[in-house]
Amino acid sequence: MLSNITLTKPLIFFDLETTGVDIAKDRIIELSVTKFLPDGTQETKTRRYNPGIPIPAEASAIHGIYDDDVMDAPKFSEIAKGLSNYFIGSDIGGFNVLRFDIPLLVEEFLRAGAAVPFDASTRYVDAMSIFHKMERRDLTAAYKIYCGKDHTGAHGAAADVQVSAEVFNAQISRYGLENNIEALHNFCNNGNEIVDFAGKFKRDESGEIIFAFGKNMGKPVLKERNYLTWILEGEFPFHTKYCVNKILMGEL
């Protein structure tokens, strides 16, 4: 499917359906993954999970998944370690994955005690980032513009992940973008290194980690250790707290 991309290692596109949009509190109820391999083959896996909390009616109205549909499904914690291993060594892509899917998935991995399968070598490409820079609409509109098709399965994880991959592939050709993941990672992230997936920190031009929110925005994090302690004690995503601990131990 990714005829416009040259892969040097696996590229995973994935999509989540969840109980809501709060990264720190909501849970995954469906996950679909397509792994594209450098030899041109691909494999897709889709599974539902029992979130352990009621699915709000407003969420069910969007994705069509109700409590009864996942009553007998496994909990995410039961498969977290195996799924983490499946992601290791792959670059990551999707539609809106940088702002939502990746941060929430990382929260679920950490909540389950599984290793986070992303490291400094992981590259992230987001079809929505490209789309918003070029067209600024949603996935359904992107599919129509780039692929000339109607997205009839919107808000189903399997359909969304296939459509987002097709859109991403078409964008490479349409905009003459470099067809390698390293360059596309830099394009999607404005050349910035990702620190925490919730975006509470970033690096300045010198590479120093600074705050990206609140009253200390723009300040070096190590000059505001009390603020870091406040984050550890507050209602922040697990991965943000994980990064704070790494910063305080001098490992990030």
Side-chain angles (χ1 to χ4, degrees), residues 1-18 21 23 30-46 62-63 86-87 89-106 117-118 120-194 197-199 202:
M1 179 189 292
L2 299 181
S3 57
N4 293 324
I5 301 295
T6 299
L7 298 179
T8 57
K9 68 177 183 176
L11 171 63
I12 284 179
F13 263 63
F14 78 100
D15 185 76
L16 305 177
E17 302 302 334
T18 66
V21 296
I23 292 169
E30 186 176 72
L31 183 149
S32 186
V33 172
T34 294
K35 179 181 280 191
F36 299 93
L37 302 174
D39 64 5
T41 61
Q42 65 185 68
E43 54 190 28
T44 298
K45 300 180 180 182
T46 302
I62 294 174
H63 49 55
Y86 187 74
F87 272 78
S90 298
D91 291 320
I92 307 299
F95 194 91
N96 196 31
V97 290
L98 290 171
R99 293 183 180 180
F100 181 70
D101 298 77
I102 291 174
L104 198 150
L105 179 61
V106 168
F118 314 132
S121 69
T122 307
R123 294 292 173 257
Y124 308 93
V125 292
D126 195 327
M128 191 183 80
S129 178
I130 296 173
F131 186 40
H132 282 186
K133 289 183 178 184
M134 302 299 189
E135 305 290 349
R136 299 186 180 274
R137 297 180 186 172
D138 63 12
L139 178 57
T140 299
Y143 198 43
K144 189 70 173 179
I145 290 171
Y146 295 112
C147 304
K149 302 176 184 178
D150 294 320
H151 184 17
T152 56
H155 299 300
D160 282 355
V161 74
Q162 292 300 317
V163 165
S164 60
E166 285 189 51
V167 167
F168 171 67
N169 186 58
Q171 288 172 327
I172 309 308
S173 175
R174 182 180 181 117
Y175 298 118
L177 299 174
E178 291 188 57
N179 67 339
N180 67 84
I181 298 300
E182 179 75 23
L184 292 166
H185 164 85
N186 290 330
F187 184 85
C188 289
N189 299 286
N190 295 317
N192 297 322
E193 176 189 336
I194 293 172
F197 290 114
K202 65 180 182 179

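As the structure is a prediction and not an experimental result, all values here were calculated from the model. Computed from heavy atoms alone, side chains included, the values below leave out hydrogens, waters and symmetry copies.
- Listed for the Glu30 side chain is a donor-acceptor partner under 3.5 Å among the backbone atoms of Ala157.
- The structure places CG of Leu11 at 9.5 Å from CG of Leu37, a figure rounded to the nearest 0.5 Å.
- At distances below 3.5 Å, at least one donor-acceptor pair connects side-chain atoms of Lys35 with backbone N or O atoms of Tyr86.
- Contact check for Val167 versus Ile130: no side-chain heavy atoms found under the 4.5 Å cut-off.
- Cation-pi geometry between Lys133 and Tyr175 is not satisfied (NZ or CZ under 6.0 Å from the ring centre, within 45° of the ring normal).
- Taking Glu193 as the reference, Arg203 meet the salt bridge (Lys or Arg N to Asp or Glu O under 4.0 Å) condition, with sequence neighbours excluded.
- Of the possible polar contacts, none joining the His185 side chain to the Val125 backbone as a donor-acceptor pair under 3.5 Å is found.
- Listed here is the closest heavy atom pair of Glu178 and Ala183: CB-CB, 3.6 Å.
- With hydrogens and angles left out, the side-chain atoms of Thr140 and Asp138 include no donor and acceptor closer than 3.5 Å.
- The structure places OH of Tyr124 at 15.5 Å from CG of Leu184, a figure rounded to the nearest 0.5 Å.
- Interatomic distance, Thr34 OG1 to Lys45 NZ, rounded to the nearest 0.5 Å: 11.0 Å.
- For the pair Asp126 (side chain) and Asn96 (backbone), a donor-acceptor distance under 3.5 Å is present.
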Subject >> Verdict with supporting geometry, Thr6 and Asn180, side chain to side chain donor-acceptor pair (under 3.5 Å) >> reply: CA-CA 6 Å; Thr6 299; Asn180 67 84; over 6 Å; no
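- Side chains of Phe131 and Ile145 form a contact here, defined as non-hydrogen atoms less than 4.5 Å apart.
- Listed here is the closest heavy atom pair of Ser32 and Ala158: OG-CA, 3.4 Å.
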**OP:** Given side-chain contact (heavy atoms from CB on, under 4.5 Å), test Phe118 with Ile102 step by step and report yes or no.
**Re:** CA-CA 10 Å; Phe118 314 132; Ile102 291 174; 4.0 Å; yes
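- Between the CG atom of Leu105 and the CZ atom of Phe100 there is a distance of 10.5 Å, given to the nearest 0.5 Å.
- Every residue was checked against the salt bridge (Lys or Arg N to Asp or Glu O under 4.0 Å) condition with Arg99, not counting sequence neighbours, and none meets it.
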**OP:** Go through Phe87 and Thr122 one step at a time and tell me if the side-chain contact (heavy atoms from CB on, under 4.5 Å) criterion holds.
**Re:** CA-CA 10 Å; Phe87 272 78; Thr122 307; over 6 Å; no
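- Every residue meeting the side chain to side chain donor-acceptor pair (under 3.5 Å) condition with Asp160, not counting sequence neighbours, appears here in chain and number order: His151.
- Asn190 places no side-chain N or O within 3.5 Å of a backbone atom of Asn192 that could act as its donor or acceptor partner.
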**OP:** Dump the intermediate steps for side chain to side chain donor-acceptor pair (under 3.5 Å) on Asp150 and Thr152, then the final yes or no.
**Re:** CA-CA 6 Å; Asp150 294 320; Thr152 56; over 6 Å; no
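- Atom CG of residue Leu7 and atom CG of residue Asp91 lie 8.0 Å apart, to the nearest 0.5 angstrom.
- For the pairing with Glu166, the side chain to side chain contact (heavy atoms under 4.5 Å, CB included) check across Tyr146, Tyr143, Phe13 returns one residue only, Tyr143.
- The side-chain heavy atoms of Ile92 and Phe14, taken from C-beta on, include a pair separated by under 4.5 Å.
- Distance check, rounded to the nearest 0.5 Å: CZ of Phe168 to SG of Cys188 gives 6.5 Å.
- A donor-acceptor pair under 3.5 Å is formed between the side chain of Asn169 and the backbone N or O of Ser3.
- When atom types are taken as modelled, the side chain of Ser164 and the backbone of Val161 share a donor-acceptor pair closer than 3.5 angstrom.
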